[in-house]
Number of protein chains: 2
Amino acid sequence: MKNSQLYKGSLNTIILKLLEEKGRMYGYEITQKVKEITNGELAITEGALYPALHKLEAEGFLEAEVEKVDNRLRKYYKLTENGQLETANRLSELEEFIRNMQTLVHPKWSY
Amino acid sequence: MKNSQLYKGSLNTIILKLLEEKGRMYGYEITQKVKEITNGELAITEGALYPALHKLEAEGFLEAEVEKVDNRLRKYYKLTENGQLETANRLSELEEFIRNMQTLVHPKWSY
DNA sequence: CAAATATACCTAAGATTCTTATACATAAAA
DNA sequence: TTTTATGTATAAGAATCTTAGGTATATTTG
């Protein structure tokens, strides 16, 4: 996760949301997808991604399956049932967060 | 900074933006203002706020002035010239970040 | 063909940011 | 009189990320 410090804390939510959309993804694919949808602005580093995936799996939100494609290993992840619930919660938090930060940038309060 | 992990990394931007709007604020005032504009959802902890203020001051983005009000000390902060430039940059980053996260939540890409 | 780049996974040391807990002090409210 | 509100500050530890490395195969480029 490079660039602005703002992305700190959002990686898990990004992973969960992408898996909810795509159903099944592997790590490298996630980094490429994020780069694509942010027009290259957000580059997830492997040092952040893989530990995050392992932690989400250990917490029971993801389950993994290894496959060999073109003689190279891919570790596919998908949401568990708990992971789907967690994703919904994280997305609510994200929308709330965005609302709050937008109120900050475009203040409606009085002085 | 409590609640969702998403706020990690956004504290500096919040401080800078509030100071840009209000011109002059002290620490405790910032915590109350943030609570107000987020309807109590975001509570900035003192352990996060004061080190952040000191760091922004050390970096030359803020300057401080101590005043005694009702027999209690207040440390007022305001933006330096560099701080104003920095604020503009941070706000651009924030808007970009929000755009990217919204694209994530409301995807426009194809599968 | 050799070298660089892309694909694909992983970990460890250190930096940064935050939480939790604590300390000190005055004013107002219960 | 004790709690809550106001006001600043630091220190230990947790969490998240960057940086830098390691391993391996496939493809592209010079």
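Here is the naming used below: chain letters follow the sequence lines, and residue numbers restart at 1 for every chain. All values below were derived from every heavy atom in this structure, side-chain atoms included, with hydrogens, water molecules and symmetry-related copies excluded.
- For the pair A:T13 (side chain) and A:R90 (backbone), a donor-acceptor distance under 3.5 Å is absent.
- A straight line from OH of A:Y28 to P of D:dA24 spans 19 Å, rounded to a whole angstrom.
- Here D:dC17 presents its C1' atom at 17 Å from CG of B:L11, a figure rounded to the nearest Å.
- At whole-Å resolution of the value, OH in A:Y26 and P in C:dA8 are 4 Å apart.
- B:L49 places its CG atom 19 Å from the P atom of C:dT16, with the value rounded to the nearest Å.
- Annotation: of the two residues near DNA chain D, B:Q32 and B:K75, the 5′-most nearest-nucleotide partner is B:Q32.
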Please produce a list of atom pairs where a protein N or O lies less than 3.5 Å from an N or O of nucleotides 24-26 of chain C.
unit_1	atom_1	unit_2	atom_2	d
C:dT26	O3'	B:N71	ND2	3.3
C:dT26	O2	B:R72	NH1	3.0

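- Here the rule is side chain to side chain contact (heavy atoms under 4.5 Å, CB included) with B:Q102, and of B:I98, B:V105, B:L104 only B:I98 fits it.
- The aromatic rings of A:Y50 and A:H54 are tilted relative to each other, their planes meeting at an angle between 30° and 60°.
- Atom-to-atom, CZ of A:R74 to C1' of D:dA24 comes out at 15 Å; the value is rounded to the nearest Å.
- The two residues B:A52 and B:L11 make their nearest non-hydrogen contact at CB-CD2, 3.9 Å.
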Atom pairs, protein N/O to nucleotides 11-14 of chain C N/O, distance under 3.5 Å:
unit_1	atom_1	unit_2	atom_2	d
C:dT11	OP2	A:H54	ND1	3.3

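- Residue order along DNA chain C, read from the 5' end via each residue's closest nucleotide, puts A:L53 first among A:L53 and B:K55.
- With B:T38 contributing its side chain and A:N100 its backbone, the two residues share no donor-acceptor pair below 3.5 Å.
- Here D:dA14 presents its P atom at 17 Å from NZ of A:K8, a figure rounded to the nearest Å.
- Put simply, CE on A:M25 is 15 Å from C1' on C:dT7, counting in whole angstrom units.
- Dashed line: the shortest gap from a side-chain N or O of B:K68 to OP1 or OP2 of D:dG7 is not under 4.0 Å.
- With respect to the salt-bridge test (charged N to carboxylate O, under 4.0 angstrom), the residues A:K55 and A:E59 qualify.
- Ion pairing between a basic and an acidic side chain is recognised when a charged N comes within 4.0 Å of a carboxylate O; B:R99 and B:E95 show no such pairing.
- Counting heavy atoms from C-beta outward, B:E65 and B:R24 have side chains that approach closer than 4.5 Å.
- A:Q5 has a side-chain polar atom (N or O) that falls below the 4.0 Å cut-off from OP1 or OP2 of C:dT17.
- Atom C1' of nucleotide D:dA15 and atom OH of B:Y7 are separated by 18 Å, given to the nearest angstrom.
- When all heavy atoms of A:A48 and A:P51 are compared, the pair lying nearest together is O-CD, 3.7 Å.
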